[in-house]
Amino acid sequence: MPGGCCSPPRACGTIVQVTSRPAAAQHLRDLARLRRVRDRIDREYAQPLDVEALARGAHMSAGHLSREFRLAYGESPYGYVMTRRIERAMALLRRGDLSVTEVCFAVGCSSLGTFSTRFTELVGIPPSTYRHHEVRATAGMPPCVAKQVTRPIRNREARSPSRT
């Protein structure tokens, strides 16, 4: 065929996506809701947050919020909450003036065991080891740089101490 590879458009493996304006508008509204949920998590990470409460605030079902949040941000809302908590915990542990237990509760975790397990998954070392080794590691560093340098790695991507 002149000017094209085949007809109809899907015959050669090409996928044609037809998007209506109402569907595109709904998608943008959903993305705005997801951004508000993420912003709320960023602000209220130390508060008791669960997917059901976040979903109610976004006028979505918990299942829909979880699916859409994962598609948009690459992790579940719960995973995102825990990542924010661990980021803040890392900063508090570097300060060195709080115990691991105090940090656990300060960032909104109610279980020291869950906090320690998740911290170790994201950072690669337990919080007590991190506190001992990283205290004052970012001294003199601007906070915006320290945050980037010390950002936890998500979803079991942290290097284990045996691979260093």
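As the structure is a computational prediction, the values presented were derived from the model and not from experiment.
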**Message:** I'd like to know whether Leu65 forms a side-chain contact (heavy atoms from CB on, under 4.5 Å) with Leu34, so could you lay out the CA-CA distance, the side-chain angles of the two residues, the decisive distance to 0.1 Å, and finally the verdict.
**Reply:** CA-CA 8 Å; Leu65 172 66; Leu34 293 173; 3.6 Å; yes
Heavy-atom closest contact ([X] atom, [Y] atom, distance):
| X | Y | value |
| --- | --- | --- |
| Ala46 | Ala106 | CB-O, 3.7 Å |
| Ile41 | Pro77 | CD1-O, 4.2 Å |
| Cys109 | Met82 | SG-CE, 4.0 Å |
| Gln26 | Arg33 | NE2-NH1, 4.2 Å |
| Tyr73 | Arg38 | CE2-NH1, 3.1 Å |
| Arg70 | Ser76 | NH2-CB, 3.4 Å |

**Message:** Under a 4.0 Å threshold between the charged nitrogen and the carboxylate oxygen, would Arg36 count as salt-bridged to Asp39?
**Reply:**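 Arg36 and Asp39: not salt-bridged.
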**Asked** Only one of Thr117, Val100, Val103 forms a side chain to side chain contact (heavy atoms under 4.5 Å, CB included) with Leu112, so which one is it?
**Response** Val100
Single-linkage hydrophobic cluster, 4.5 Å side-chain cutoff, [X] and [Y] together:
| X | Y | answer |
| --- | --- | --- |
| Leu92 | Tyr130 | yes |
| Leu49 | Phe105 | no |
| Tyr78 | Val37 | no |

**Message:** Does Arg84 qualify as a cation-pi partner of Tyr80, given the criterion of NZ or CZ under 6.0 Å from the six-membered ring centre and within 45 degrees of its axis?
**Reply:** yes
**Request:** Take Met60 and Asp30 through the side-chain contact (heavy atoms from CB on, under 4.5 Å) test and state the conclusion after the steps.
**Result:** CA-CA 9 Å; Met60 297 176 154; Asp30 283 349; 3.9 Å; yes
**Prompt:** So, Glu102 side chain and Ser99 main chain: donor-acceptor pair closer than 3.5 Å or not?
**Reply:** yes
**Item:** Side-chain heavy atoms of Met90 within contact of Phe119, under 4.5 Å
**Value:**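 They are in side-chain contact.
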**Heavy-atom check, side chain of Val51 versus side chain of Phe69, under 4.5 Å** =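 Side-chain contact under 4.5 Å: no.
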**Asked** How long is the span from the OG atom in Ser61 to the CZ atom in Arg56, to the nearest 0.5 Å?
**Response** 12.0 Å
**Asked** Quick one: OH on Tyr45 to OG1 on Thr83, what's the gap to the nearest 0.5 Å?
**Response**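 One gets 13.5 Å once the value is rounded to the nearest 0.5 Å.
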**Request:** May I have the step-by-step check of side-chain contact (heavy atoms from CB on, under 4.5 Å) for His133 and Thr129, ending in yes or no?
**Result:** CA-CA 6 Å; His133 289 256; Thr129 304; 3.6 Å; yes
